[in-house]
Amino acid sequence: MAIPYRFEVSASANEVHRRHGGLADGEESGQGVTVAGRLMLRREQGKLAFGTLRDWTGEVQLFAGASWTGDFAGFTGLPLGTWVGAEGEVVRTRRGELSVKVARWQVLAEARRGFGDKWRGVSDPEVRLRQREVDLWANEGVRGRMLLRSRAISLTRRWLEDQGFVEVETPVFHPVQGGATAKPFTTHHNALDVDLFLRIAPELYLKRLVVGGFERVYEIARVFRNEGLSTRHNPEFTMLEAYAAYWDYGDMMRLTEELAAHLATELLGTTSLTYAGRDLDLAPPWRRATLVDLVAEHAGVEVDVGMDIGQLRGICDDHGVPWKEHDGPGKLILELYEKTTEGQLWGPVFVCDYPKEVSPLARDHRSQPGMVERFEGIVAGRELCNAFSELVDPDEQRARFEDQARQKAEGDIEAMAVDEPYLRALEHGLPPTGGLGIGMDRLVMLLTGTESIRDILLFPTLRPEFFGLTGHDKAQAVDSSSRSAGTIAEDAAQAADSVVTGTVPPDVV
RNA sequence: GCGCCUCUAGCUCAACGGCAGAGCAAUGGACUCUUAAUCCACAGGUUCUGGGUUCGAAUCCCAGGGGGCGCACCA
């Protein structure tokens, strides 16, 4: 059977429904269409056969009959999952299902592997995550969720551009670790013979662009952090960073809440969400509260960066918060907040004003000594964003970097290094600037109601497959060390045969 | 890294110390309005691996492997 090189589609499943939704039961439209997609279900009835064709806009029924369909026998023998192109008149069956009455059809791709249980789908995480192409067909809602992510990113770009922001691309390879405190991945460039870090944040390059006159700039940056995996962490993730000259962190709070509300309204039609079984309303304005006030509220204790270190350690002990000898007052207060308060905040809430000690890139607070103008947006007990009035003073920045470098020398691999090119840029003058970083994956999790980051990443980071094997197959292959390599390769081919599937209502987005 | 849970047919799952099963998929057949179509027939297994206990192990124990969740680190 010859597979064509192209196929002319005149209507998507969704378009067929839109154009012909008014047909009465048993009525024929008199209009022909060609449609294409995967055959997901098949119902045979003697000399009639019904098939459910799915494309990425939805589903439409194929209605075949021995008296009007070419190669009717072949049609009834199509394995589920086959890509089919079909041509025929749009009709509504007597039982009320809008259908393409198939005159001619052809296979556009064979499905040598099935999609498993057509009703229950596939639940094995190994298959769902490693073979996302299978998951997308087999499990309801997966494709719609992934498409929603795509639309969220697209809407974010459009919205920021409407606010006068310009998108840029800055280097992924960084010679100096900076812009955040995190463990980097390292690599090496041979021709230059230099070690490089994969970026943990685009922050410093973006602020250099503000120095260069890009007054409102943003990047949707894939960043990399060499840390653990969890339902909320993937080693590579997507961070939106935006910087606006002449703005402070208060302006950035407004930008954040307006963006989140805009996305929710556009994608879901409302800012009132349900997440993890609880109500969540993203409508602005979000609550603003200082970090120390929230600690007082949730831990029942008043703290201040001016307090005696011994007293703060005692408070940490009282709340079961471990501390280290070299932790200063600011670090202790942050630890206390993170252990006792952050997870309790359902939000959305802007937690404002952090200790200077733990914020090397944020500007001194205009009225609170020892604090900086920084906020984190907390939603559902998690950090959604982090933003500041940016530190613009090169001397102060150098002192903060040197303090970071000291911590690095003491063994803190997450601490920043002194970034001389960045300091040189600051010496050219960074105007007052507001900066913001939003974890886009977490924002999409909120919008899709998913509680695992892997549910909104098409291909999350996983342990690599071995010879195409996973799980116990791999164990067996390794165990059978007496076998030849060829045998293992054959086993791999068989093991890869695990297939999958299910039914899926139309996930029209 | 530590703790808990889990691994049975292509998929989803039963059997919980006594003959390893069902639904779906696949295969063969019946059926001119189906909707997870239905009906009949047929086929499908190293119960993750290795060891142990037992008259007898998918089941209990030990070790290893894969996966999940939680903790820690972090966004």
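Given the structure is predicted, the values throughout are model-derived calculations rather than measurements. Labels below follow one simple rule: chain letters A, B, ... track the order of the sequence lines, proteins then strands, and each chain is numbered from 1.
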Chemist: Can you confirm whether or not the ring centre of A:Trp346 sits under 6.0 Å from the ring centre of A:Trp286?
Modeler: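 Centroid separation for A:Trp346 and A:Trp286: 6.0 Å or greater.
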Chemist: Now, which nucleotide makes the Watson-Crick or G-U wobble pair with B:G70, with each of the two distances under 3.5 Å?
Modeler: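 Matched B:G70 with B:C2 under the 3.5 Å cut-off.
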Chemist: Where the side chain of A:Leu41 is concerned, which of B:U35, B:C33, B:A37 is the nearest nucleotide?
Modeler: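 Comparing B:U35, B:C33, B:A37 against the side chain of A:Leu41, the answer is B:A37.
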Chemist: Under a 3.5 Å cut-off for both contacts, is B:U54 paired Watson-Crick or G-U wobble with anything, and if yes, with which nucleotide?
Modeler: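 Pair assignment: B:U54 / none.
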Chemist: Tell me whether the OP1 or OP2 atom of B:A37 has a side-chain N or O from A:Arg43 closer than 4.0 Å.
Modeler: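 Checking A:Arg43 against B:A37: at least one side-chain N or O falls below 4.0 Å of OP1 or OP2.
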Chemist: B:G67, OP1 or OP2 - any side-chain N/O from A:Arg463 closer than 4.0 Å?
Modeler: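 Answer is yes, contact under 4.0 Å.
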Chemist: According to the Watson-Crick and G-U wobble definitions, with both distances under 3.5 Å, which nucleotide is paired to B:G64?
Modeler: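 Base-paired to B:C48.
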Chemist: Of A:Gly96 and A:Lys47, whose closest RNA chain B nucleotide lies nearer the 5' terminus?
Modeler: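 In this pair, the answer is A:Lys47.
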Chemist: Base, sugar-phosphate or nothing for A:Gly228? Non-hydrogen atoms, less than 4.0 Å.
Modeler: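 Here A:Gly228 touches the bases of the nucleic acid.
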Chemist: Would you measure the distance from the C1' atom in B:U59 across to the matching atom in B:C7 and give it in whole Å?
Modeler: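 The answer is 13 Å between these two C1' atoms.
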Chemist: Using atom C1' of each nucleotide, how far apart are B:A9 and B:U47 to the nearest Å?
Modeler: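 Straight-line distance between the two C1' atoms is 10 Å.
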Chemist: Given the ring of A:Tyr354, does A:Arg374 sit roughly above its face, with NZ or CZ under 6.0 Å from the centre of the six-membered ring and within 45° of the axis?
Modeler: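 Pair A:Arg374/A:Tyr354 counts as cation-pi.
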Chemist: Please work out if A:Thr52 contacts a base, only the sugar-phosphate, or nothing of the nucleic acid, heavy-atom cut-off 4.0 Å.
Modeler: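 A:Thr52: no heavy atom of the nucleic acid under 4.0 Å.
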Chemist: Indicate, with a heavy-atom threshold strictly under 4.0 Å, whether A:Glu383 touches base, sugar-phosphate, or nothing.
Modeler: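 A:Glu383: backbone/sugar contact only, no base atoms under 4.0 Å.
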Chemist: May I ask you to say what A:Arg42 touches in the nucleic acid, namely base, sugar-phosphate or nothing, with a heavy-atom cut-off under 4.0 Å?
Modeler: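 Sugar-phosphate contact only.
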Chemist: Is the phosphate of B:G68, meaning OP1 or OP2, less than 4.0 Å from a side-chain N or O of A:Arg454?
Modeler: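 It does, given that an N or O in the side chain of A:Arg454 lies less than 4.0 Å from OP1 or OP2 of B:G68.
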Chemist: B:U35 base to A:Glu97 side chain: any donor-acceptor pair below 3.5 Å?
Modeler: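 Indeed there is one.
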Chemist: How many whole angstroms separate atom CG of A:Leu39 from atom P of B:U35?
Modeler: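 Going from A:Leu39 (CG) to B:U35 (P), I get 16 Å.
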Chemist: Looking at A:Ser123, does any N or O in its side chain come under 4.0 Å of the phosphate oxygens OP1/OP2 on B:C13?
Modeler: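 For B:C13, OP1/OP2 do have a side-chain N/O of A:Ser123 under 4.0 Å.
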Chemist: When we call it a touch if two heavy atoms are under 4.0 Å apart, what does A:Gly46 touch: a base, just sugar-phosphate, or nothing?
Modeler: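 Contact class for A:Gly46: base.
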Chemist: Would you check, one step at a time, whether the test ring pair (Phe, Tyr, Trp, His ring centres under 6.0 Å) holds for A:Trp68 with A:Phe63?
Modeler: CA-CA 10 Å; A:Trp68 67 79; A:Phe63 181 23; 5.1 Å; yes
Chemist: With rounding to the closest Å, how many angstrom separate the P atoms on B:A15 and B:A58?
Modeler: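 My reading of the P atoms in B:A15 and B:A58 gives 16 Å.
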Chemist: Pick base, sugar-phosphate or nothing for A:Glu376, based on heavy-atom distances below 4.0 Å to the nucleic acid.
Modeler: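 Contact class for A:Glu376: none.
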Chemist: Check whether any side-chain heavy atom of A:Phe375 sits under 4.5 Å from a side-chain heavy atom of A:Cys385, and report yes or no.
Modeler: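 Yes - at least one pair of side-chain heavy atoms lies under 4.5 Å apart.
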Chemist: Taking only the P atom of each, what is the distance from B:C40 to B:A22 in whole angstrom?
Modeler: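 It works out to 14 Å between them.
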Chemist: Would you please confirm or rule out a distance under 4.0 Å between OP1 or OP2 of B:C73 and any side-chain N or O of A:Arg225?
Modeler: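 Negative; the distance criterion is not met.
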Chemist: Validate the cation-pi geometry between A:Arg143 and A:Trp56: distance from NZ or CZ to the six-membered ring centre under 6.0 Å, angle to the ring axis within 45°.
Modeler: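 No, A:Arg143 does not sit over the ring of A:Trp56.
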Chemist: If the test is side-chain hydrogen bond (donor to acceptor under 3.5 Å, both in side chains), which one of A:Lys101, A:Glu97, A:Arg43 qualifies with A:Gln61?
Modeler: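 Testing each of A:Lys101, A:Glu97, A:Arg43 against A:Gln61, the sole residue satisfying side-chain hydrogen bond (donor to acceptor under 3.5 Å, both in side chains) is A:Arg43.
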Chemist: If you assign each of A:Asp124 and A:Arg92 to its closest nucleotide in RNA chain B, which residue comes earlier from the 5' end?
Modeler: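 Result: A:Asp124.
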Chemist: Just checking A:Asp441: base, sugar-phosphate only, or nothing, at a heavy-atom cut-off of under 4.0 Å?
Modeler: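 Nothing: the residue A:Asp441, judged by heavy atoms under 4.0 Å, touches no strand.
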Chemist: Can you measure from CG (A:Leu62) to CD (A:Glu87) and round to the nearest 0.5 angstrom?
Modeler: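 A:Leu62 CG to A:Glu87 CD: 12.5 Å, rounded to 0.5 Å.
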Chemist: Determine the Euclidean distance between corresponding C1' atoms of B:C19 and B:U38; express it in Å to zero decimal places.
Modeler: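 Result for the C1' pair: 32 Å, nearest Å.
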Chemist: Using 4.0 Å as the upper bound for N to carboxylate O, is an ion pair formed by A:Arg104 and A:Asp71?
Modeler: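 A:Arg104 and A:Asp71: not salt-bridged.
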Chemist: Using whole Å, what does the distance between atom C1' of nucleotide B:G66 and atom CG of A:Leu129 come to?
Modeler: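 That distance rounds to 14 Å.
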Chemist: Kindly point out which of B:U35, B:C33, B:A36 is positioned nearest to the side chain of A:Gln61?
Modeler: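 That would be B:U35.
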Chemist: Rounded to the Å, how far apart are A:Glu227 CD and B:A75 P?
Modeler: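 Between P of B:A75 and CD of A:Glu227: 7 Å.
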Chemist: For the pair made of CD in A:Glu126 and P in B:U12, what is the distance, rounded to whole Å?
Modeler: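 The answer, rounded to whole Å, is 12 Å.
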Chemist: Would you kindly give the CG-to-P distance between A:Asp117 and B:G44, to the nearest whole Å?
Modeler: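 Taking CG of A:Asp117 and P of B:G44, I get 21 Å after rounding.
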Chemist: Quantified in whole Å, what is the C1' atom distance between nucleotide B:U32 and nucleotide B:A43?
Modeler: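 Going atom to atom, C1' in each nucleotide, I get 30 Å.
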Chemist: State which of B:C33, B:C71, B:C31 makes the closest approach to the side chain of A:Leu48.
Modeler: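 So the side chain of A:Leu48 is nearest to B:C33.
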Chemist: Determine which nucleotide pairs with B:C42, using a 3.5 Å limit on both distances of a Watson-Crick or G-U wobble pair.
Modeler: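 Its partner: none found.
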Chemist: Using the C1' atom as the point on both nucleotides, what is the distance between B:A14 and B:C24, in whole Å?
Modeler: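 These two C1' atoms come out 15 Å apart once rounded.
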Chemist: Please state how far atom CG in A:Leu98 lies from atom C1' in B:C33, giving the value in whole angstrom units.
Modeler: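 The distance from CG of A:Leu98 to C1' of B:C33 comes to 14 Å, rounded to the nearest Å.
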Chemist: What's the closest nucleotide to the side chain of A:Phe237 if the choices are B:C71, B:A75, B:U12?
Modeler: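 Of B:C71, B:A75, B:U12, B:A75 is nearest to the side chain of A:Phe237.
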Chemist: With a 4.0 Å cut-off on heavy atoms, is A:Thr93 in touch with a base, just the backbone sugar-phosphate, or nothing at all?
Modeler: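 Since a base atom lies under 4.0 Å of A:Thr93, the category is base.
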Chemist: State the pairing partner of B:U12; accept Watson-Crick or G-U wobble contacts with both distances under 3.5 Å, and report none otherwise.
Modeler: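 B:U12 is paired, partner B:A22.
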Chemist: May I have the distance from A:Phe50 (atom CZ) to B:C31 (atom P), rounded to whole angstrom?
Modeler: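 Value for this atom pair: 15 Å.
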Chemist: B:C42 and B:U35: how far apart are their C1' atoms, nearest whole angstrom?
Modeler: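 About 27 Å, rounded to a whole number of Å.
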Chemist: Could you tell me how far apart A:Glu44 (CD) and B:A36 (P) are, to the nearest whole angstrom?
Modeler: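 Computing the A:Glu44:CD to B:A36:P distance gives 16 Å.
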Chemist: Nearest 0.5 Å, please: how far is CG in A:Leu259 from CZ in A:Arg254?
Modeler: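 That separation rounds to 15.0 Å.
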Chemist: Respond yes when some side-chain nitrogen or oxygen of A:Lys118 is under 4.0 Å from OP1 or OP2 of B:C24, and no when none is.
Modeler: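 No, A:Lys118 has no side-chain N/O under 4.0 Å of OP1/OP2 on B:C24.
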